[in-house]
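The next block holds one structure in the form of C-alpha cells; read it before the comments.
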Amino acid sequence: MTIGIENPKNISPKDFLKARRPERFTDSVRKEIGRLDRSVLEFQLSTLNRRSLELAFEDFAKKLCEKVICPNLLEQTGPVAGGDGKVDTQTFPVSEQTKILWFVGVNESPNEERWAFAVSTQENWKAKCRKDVLKIKSTNRNYKKAFCVTNMYTKANQRSDLEDSLTKETGIDVRILDISWIMDQIFSNGYEQLAIDALSIDIDWRREIEVGSNDYTKTLRLQQIEKDIKEGIDVNEIHHHQLDWLLEVAILSKELEKPIVEIKGLFDRAIVTSEKFGTSYHQFNAHYQYAWAAYWWFEDITLFQEQLHYCFDLAKEIGQSGQWGDVVSLLSLYSTHCRSSKNEGLVDYQSLASDTKDILLGLAEQNERPSNALMSKAYIELLNLQAIESVDHAKDIFSSLLLIVQDGELLVGFSFNELYDLITELDNVFGDLESYELLLDYFTDQVSRRDGETKGALLSLKRGARRLDSNEPYQAIKLIGKSLMGLYKKEVKKDLYVALNLLSECYRQVGLLWASRANLLLAASIVTDDFWKSGELISAQVSIYIRLAKVELQLGRINHALSWWQLACIVDANLKNAILTEKELQSFDAFLSQGFLNTEI
C-alpha cells in the first residue's frame, strides 16, 4: 500500500518501484549483438517485391498475426495471393473449452466467428485491398472480419476511409494493417527474431541473455506451473487451486518482463477462468494483480482505471475489510497519478474514494466483527491521508491510527504487521510529525513485546505437546493453556490453531468433551474466518470439521455432527489433494451407526 504523495523526482512508476523493489523485476542482463532497428526492417519490408519474397512475407504475416491477433490460423495452400481459397489464411473453429487457456490474440468467439486474412506486397495497396475484400465476400462463407496486411505505408485518413467504405459495402468488419503496424508489433513485443527468420534477413543480430539468480528461480517455477497447466488442467472443470496457477503464471511473466502483449493475455486468461470457475475472491485477486501490473509495469492508466473499478465492485460483493484494504491501496496509486498529471481523472478518483469511505464506515460499525471493524477504521484513516494537502494535515490521522492499533492489540484477526509495514514506509515523508513518531514508537515497542511473547508461548506449546505425547494430559493442559495468550496474534495464527487442536485432544483424553468441543470450535472459526477473507480452501478446514463431527457424535448431537461432516466433504471435494480417505469415510459411518444404536428409544 502506498500513499498519494507527489513524487518530487517525477520519475516513471516503473522506475520508481524498480528502485525500491528490484526483486520484483528481472535481474537478467540483455545484450543485443548486431543491429536491427526500424530503418533496417523498414528497408527489408519495402523491398520484398524486388527480392521475390512475396511467399516469405505471407508466412511472416501469418506468424505475426497468430501471436497478436488469433492463434487459430490455417496453414495456407495454393499459389501466391490467396490461391484457390480466395484468402491467404483464415481461422478454424475452436471450442470454447479449448480457447479458455489461450493467452494471445483478440478473438473472443473462435467457435462462432470466421475471420479471413489477405496478405499483399503490391504498391497499389488500396486497389489490392478492395479486390481482396470483394473476393472474400464472394465466397459466401459468412466471414465476420477481414484483415488486409500490406508492406506499404498507408495514410491514416485514406486507410480509415477505405475500411469504412468496404465495411459498409460488404458487411464485413475490415481492418488494414500496414508496415507501421508491423514494425510496432515487432519492436514493442520483442519479435525481432521472428522477422529475421521468416524474411531471411541477412543480418548478424541476436539477443543474448545473462540470466540472473532471481530470474533463474522464477523461470524454473514458471516452467513447472506451465507443465502442471498442460498436464493437469481439464478445461471443462478447472479447480480453485488451478486458478491460482494461472494467476501465478501471469505474475511471474510480469516479473520476468516478458512481452507486454503476452503478459496482458495471461492476466486476461486468469480473469476469464476465475469468472467461469472461481469465486468472487479469485476474480478480485486477478483484477487486483492486473491493476497493479497496469500501474507499475505497463504504465497504462486507462487499463488501471478499468481494473480498479472491477475491484471496487467485487469488494462490495465480498464485504470484507481485507479486499477494501486492497482497494484503498489502488486508490492511493490513483491519487498519486491525479497529483502528478494535473488532476487527470480527479473526479473519478473522488467519486470512488467517497463511495469507499461510506462503505468502510458501515463496516466499522459492525461491532460483532471487531477485527473487521477496526481494520475498516484504519483504512478510512489511510483514505483521509490520501486527501491531505500538506504534511501537517496528517497530525490527527496518525493520532487516530494510534488509538485504532491500541484497540486491536489483542485481536487475533487484526492485521498488526500490515499496518506496521505501511507506517515504517512513511518515515521519509512524515518523520518530523510528533503524532507519527508516537505511533511509530508504539509500533516499535509492540513489535519487541509481541516477538518476546510469541517466543515464550511457542516454547510452552512445544513443552505441552511433549507432555501430551508422554500421556500426561493434565500437565499438557496447563502448558498449552499458558501459551494461548501469547499466540493470540494474526502473525502466529497457525500456531494458535495447532495449540487449540492439541488442547482439545487433552480435554478429550480426560473426558471433558464439552471443553474439547469449545477449543475445536474456536479453531474452526479461525480457519473459516481465513476463508471469508481470502476465499481459499485449505486442508486444515477439512481436518477441524471432521474432529468437530466426531466430538459432536460423542456428545450425542447427531444433527450437529452430520452438519460438520457435510461441510468437511464439501471443502474436501474442492481441494487439490483430498484428505478424506475411504478408511476415514468408513470410520465415520461406523461412529454414526454406533451413535444411532446407542440412542434411547
Side-chain angles (χ1 to χ4, degrees), residues 1-4 279-281 283-285 287-288 308-332 334-335 348-388 393-423 426 435-436 438-439 442-443 446 488-491 493 496 521-522 524-536:
M1 189 178 293
T2 56
I3 302 301
T279 64
S280 298
Y281 295 92
Q283 295 173 42
F284 181 89
N285 290 338
H287 283 292
Y288 175 74
L308 170 57
H309 279 273
Y310 280 123
C311 288
F312 178 87
D313 292 338
L314 287 165
K316 283 176 62 177
E317 180 180 331
I318 295 170
Q320 296 287 332
S321 64
Q323 281 68 38
W324 283 113
D326 290 336
V327 170
V328 171
S329 174
L330 295 178
L331 284 172
S332 70
Y334 203 178
S335 172
D348 184 43
Y349 164 77
Q350 290 175 337
S351 175
L352 284 173
S354 176
D355 291 344
T356 299
K357 190 172 182 178
D358 289 342
I359 293 170
L360 287 171
L361 285 169
L363 293 175
E365 295 176 357
Q366 297 179 2
N367 294 326
E368 69 277 10
R369 302 166 65 194
S371 296
N372 198 64
L374 275 179
M375 287 305 301
S376 297
K377 292 179 181 179
Y379 294 137
I380 290 171
E381 295 302 332
L382 294 177
L383 268 177
N384 292 335
L385 195 61
Q386 296 174 17
I388 62 174
H393 295 166
K395 177 181 177 181
D396 293 338
I397 294 175
F398 289 119
S399 297
S400 298
L401 280 172
L402 177 57
L403 295 176
I404 292 169
V405 174
Q406 289 172 339
D407 289 341
E409 180 182 340
L410 299 179
L411 293 175
V412 70
F414 186 76
S415 301
F416 182 90
N417 282 354
E418 176 189 337
L419 292 176
Y420 172 67
D421 292 340
L422 170 62
I423 295 303
L426 302 177
S435 59
Y436 174 79
L438 289 174
L439 176 59
Y442 178 81
F443 268 122
Q446 288 300 306
Y488 211 69
K489 302 175 179 66
K490 185 174 182 179
E491 54 266 32
K493 190 185 289 187
L496 176 61
L521 200 58
L522 180 54
S525 72
I526 289 173
V527 294
T528 305
D529 181 63
D530 285 343
F531 166 76
W532 287 116
K533 289 180 177 179
S534 67
E536 183 180 359

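Each residue takes its place number in the sequence, starting with 1. Keep in mind that this is a model prediction, so the values were computed, not measured.
- Counting heavy atoms from C-beta on, the side chains of Asp530 and Glu536 never come closer than 4.5 Å.
- Looking at residues two or more places apart in sequence or on another chain, you find a ring pair (Phe, Tyr, Trp, His ring centres under 6.0 Å) between Phe312 and Trp324.
- Between the CD1 atom of Ile380 and the CG atom of Leu361 there is a distance of 4.0 Å, given to the nearest 0.5 Å.
- Atom CZ of Phe416 has more than 12 neighbouring heavy atoms from other residues, nucleotides or ligands inside a 6.0 Å radius.
- Once rounded to the nearest 0.5 Å, the distance linking CG of Asn367 with CG of Leu374 reads 9.0 Å.
- Residues Gln386 and Leu331 form a side-chain contact, since some pair of their non-hydrogen atoms from C-beta on lies under 4.5 Å apart.
- A perpendicular orientation is assigned to the rings of Tyr334 and Tyr349, their planes being inclined by more than 60° (bins at 30° and 60°).
- When every heavy atom of Cys311 is checked against every heavy atom of Val327, the shortest pair comes out as O-CG2, 4.0 Å.
- Between the side chains of Asn384 and Lys357, at least one donor N or O sits under 3.5 Å from an acceptor N or O.
- Atom CG of Asp326 is separated from atom CD of Gln320 by 12.5 Å, given to the nearest 0.5 angstrom.
- Between atom CG of residue Asn285 and atom OG1 of residue Thr279 there is a gap of 8.0 Å, rounded to the nearest 0.5 Å.
- A pairwise comparison of heavy atoms in Gly319 and Leu363 identifies O-CD2, 3.8 Å as the closest pair.
- Note that the CG atom of Leu439 and the OG atom of Ser399 stand 8.5 Å from one another [nearest 0.5 Å].
- Residues Ile404 and Phe414 form a side-chain contact, since some pair of their non-hydrogen atoms from C-beta on lies under 4.5 Å apart.
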* Asked: Please walk me through it: do Asp358 and Ser354 pass side chain to side chain contact (heavy atoms under 4.5 Å, CB included)?
  -> CA-CA 6 Å; Asp358 289 342; Ser354 176; 4.2 Å; yes
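- Between Ser321 and Ser376 the shortest heavy-atom distance is CB-OG, 3.6 Å.
- Side-chain contact between Glu418 and Met375: present, with at least one pair of heavy atoms (C-beta onward) separated by less than 4.5 Å.
- Counting only heavy atoms from C-beta outward, the side chains of Leu385 and Leu426 approach each other to under 4.5 Å.
- Under a 4.0 Å N-O distance rule, the pair Lys316/Asp355 does not qualify as a salt bridge.
- Atoms OG and CG, on Ser280 and Asp313 in that order, are 11.0 Å from each other to the nearest 0.5 Å.
- Leu382 has its side chain within reach of Leu422: a pair of non-hydrogen atoms, C-beta onward, lies under 4.5 Å apart.
- The side-chain heavy atoms of Tyr420 and Tyr442, taken from C-beta on, include no pair separated by under 4.5 Å.
- Shown here for Asp407 and Leu411, the closest heavy-atom pair between the two residues is O-CD1, 4.2 Å.
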### Query
Going through the checks in order, is the side chain to side chain contact (heavy atoms under 4.5 Å, CB included) test met by Ile526 and Lys490?
CA-CA 10 Å; Ile526 289 173; Lys490 185 174 182 179; over 6 Å; no
Hey, mind stepping through Tyr488 and Glu409 against side chain to side chain donor-acceptor pair (under 3.5 Å) and telling me if it holds? CA-CA 10 Å; Tyr488 211 69; Glu409 180 182 340; over 6 Å; no
Decide yes or no on side chain to side chain contact (heavy atoms under 4.5 Å, CB included) for Thr528 and Trp532, but give the supporting numbers first.
CA-CA 6 Å; Thr528 305; Trp532 287 116; 3.6 Å; yes
Report task. Go through the steps to decide whether Val405 and Ile423 satisfy the test side chain to side chain contact (heavy atoms under 4.5 Å, CB included), and finish with yes or no. Result -> CA-CA 12 Å; Val405 174; Ile423 295 303; over 6 Å; no
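- Between His309 and Leu330 there is no side-chain heavy-atom pair separated by less than 4.5 Å.
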